Amino acid sequence: LKAVVEQYPDAKKTIVISRFYKKLKEIETAADKNTQIVLDATDEKIKRLMLASDAAISASGQTLSELAVLGIPGVAFYVADNQLRNWKSWTAKGFIAAGARVDEIMDGLKQLEPAAIRQRNSRRLQKTISSNGTFKIVDALIKKAAEQKQKRKRAGNKLGIRRIKN
């Protein structure tokens, strides 16, 4: 945060973290008058904050998928081995790749300064994930189950087996 505050003193910054974050005091100390610290935000609050953002900085967990659905461009970094695959995938689709070092994250933010770049990346990200993807998956599973049921029913009839209703 300290580097972001120094580089972008006039930018409105929102930090969303847990009150149990071990370095909370450091974050509070680095914050300036344009920094809002949000502790333990609800999912609705996080969504509103994301929608109000021009860009985001995020580790490469589930948050990147949420940002992509909303079309929020940003800088992605990874801090654990289990995030590497997600990081590679999302940085290929529109998030700016950065390592976990401060200078790499700041270089990523520099790349996002032009509004045209943020707009382009926003459009790319929104095309990668469907906001109603869960419904499509459920519909596909229901359709597949119905097809399998029909297939079993037809196979049973071919063998001369009749179903007896109770």
Side-chain angles (χ1 to χ4, degrees), residues 1-140:
L1 176 61
K2 185 177 177 182
V4 174
V5 166
E6 289 173 5
Q7 183 68 34
Y8 304 99
D10 296 326
K12 184 178 173 185
K13 298 162 283 292
T14 304
I15 311 299
V16 180
I17 53 177
S18 165
R19 70 186 133 159
F20 300 112
Y21 181 65
K22 292 177 183 169
K23 297 182 180 183
L24 178 57
K25 288 292 179 204
E26 289 178 41
I27 297 291
E28 292 170 337
T29 301
D32 64 3
K33 66 180 178 12
N34 292 319
T35 303
Q36 174 188 14
I37 299 172
V38 179
L39 302 177
D40 302 328
T42 64
D43 54 351
E44 275 302 312
K45 174 79 173 180
I46 291 170
K47 179 182 175 183
R48 284 194 306 275
L49 292 169
M50 286 180 176
L51 286 170
S53 300
D54 288 332
I57 302 170
S58 177
S60 295
Q62 179 62 32
T63 301
L64 288 184
S65 298
E66 296 162 358
L67 290 166
V69 165
L70 299 173
I72 309 302
V75 178
F77 62 95
Y78 66 95
V79 293
D81 291 340
N82 67 343
Q83 294 180 341
L84 181 58
R85 199 164 85 193
N86 212 26
W87 177 83
K88 285 180 180 179
S89 176
W90 280 117
T91 56
K93 294 174 182 167
F95 282 103
I96 303 295
R101 293 192 347 246
V102 171
D103 61 320
E104 294 172 313
I105 293 169
M106 295 306 295
D107 287 345
L109 280 178
K110 190 91 172 142
Q111 292 176 51
L112 285 174
E113 284 180 6
I117 298 296
R118 291 193 308 276
Q119 290 166 356
R120 182 201 69 201
N121 287 9
S122 175
R123 286 189 301 273
R124 285 177 64 195
L125 291 166
Q126 283 182 308
K127 289 178 183 176
T128 63
I129 208 166
S130 171
S131 60
N132 63 349
T134 303
F135 296 110
K136 288 180 179 180
I137 291 169
V138 169
D139 289 346

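As the structure is a prediction and not an experimental result, all values here were calculated from the model. We're numbering straight along the sequence, starting at 1.
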Looking at [atom1] of [X] and [atom2] of [Y], how far apart are the two atoms once the value is rounded to the nearest 0.5 Å?
X	Y	atom1	atom2	answer
Glu66	Asp43	CD	CG	8.5 Å
Leu67	Trp90	CG	CH2	9.5 Å
Lys47	Thr42	NZ	OG1	11.5 Å
Thr14	Gln36	OG1	CD	4.5 Å
Asp54	Gln119	CG	CD	9.5 Å
Leu24	Thr29	CG	OG1	9.0 Å

So, for [X] and [Y], which heavy atoms are closest and what is the spacing to 0.1 Å?
X	Y	result
Ser18	Asp40	CA-OD1, 3.3 Å
Val38	Lys45	CG1-CE, 4.2 Å
Leu125	Lys93	CD2-O, 3.8 Å
Val4	Met106	CG2-SD, 3.7 Å
Gly94	Asn121	O-ND2, 3.0 Å
Ala100	Ile105	O-CD1, 4.0 Å

(request) May I ask you to check whether over 12 heavy atoms, not counting those of Asp103, lie within 6.0 Å of atom CG? (result) yes

(message) Tell me whether the count of non-hydrogen atoms from other residues, nucleotides or ligands lying under 6.0 Å of CZ in Arg85 goes above 12.
(response) no

Can any side-chain N or O of [X] pair as donor or acceptor with the backbone N or O of [Y] at less than 3.5 Å?
X	Y	answer
Ser89	Asn86	no
Gln83	Val79	yes
Trp87	Ala97	no

(message) What I'd like to find out is whether the side chain of Tyr8 reaches to under 4.5 Å of the side chain of Asn34, using heavy atoms alone.
(response) no

(message) Go through it in stages, so that I can follow the logic: the residues are Ile117 and Gln111, the test is side-chain contact (heavy atoms from CB on, under 4.5 Å), and I'd like the CA-CA distance, side-chain angles, deciding distance and then a yes or no.
(response) CA-CA 8 Å; Ile117 298 296; Gln111 292 176 51; 5.7 Å; no

(request) Tell me yes or no: between the side chains of Thr35 and Asp32, is some donor less than 3.5 Å from an acceptor? (result) yes

(message) Go through it in stages, so that I can follow the logic: the residues are Arg48 and Leu51, the test is side-chain contact (heavy atoms from CB on, under 4.5 Å), and I'd like the CA-CA distance, side-chain angles, deciding distance and then a yes or no.
(response) CA-CA 5 Å; Arg48 284 194 306 275; Leu51 286 170; 5.8 Å; no

(request) Kindly indicate, with the supporting measurements, whether the criterion side-chain contact (heavy atoms from CB on, under 4.5 Å) is fulfilled by Leu39 and Tyr21. (result) CA-CA 9 Å; Leu39 302 177; Tyr21 181 65; over 6 Å; no

(message) Checking Ile46 against Met50 for the side-chain contact (heavy atoms from CB on, under 4.5 Å) test, could you report, in this order, the C-alpha distance in whole Å, the side-chain angles of both residues, the deciding distance, and whether it holds?
(response) CA-CA 6 Å; Ile46 291 170; Met50 286 180 176; 3.7 Å; yes

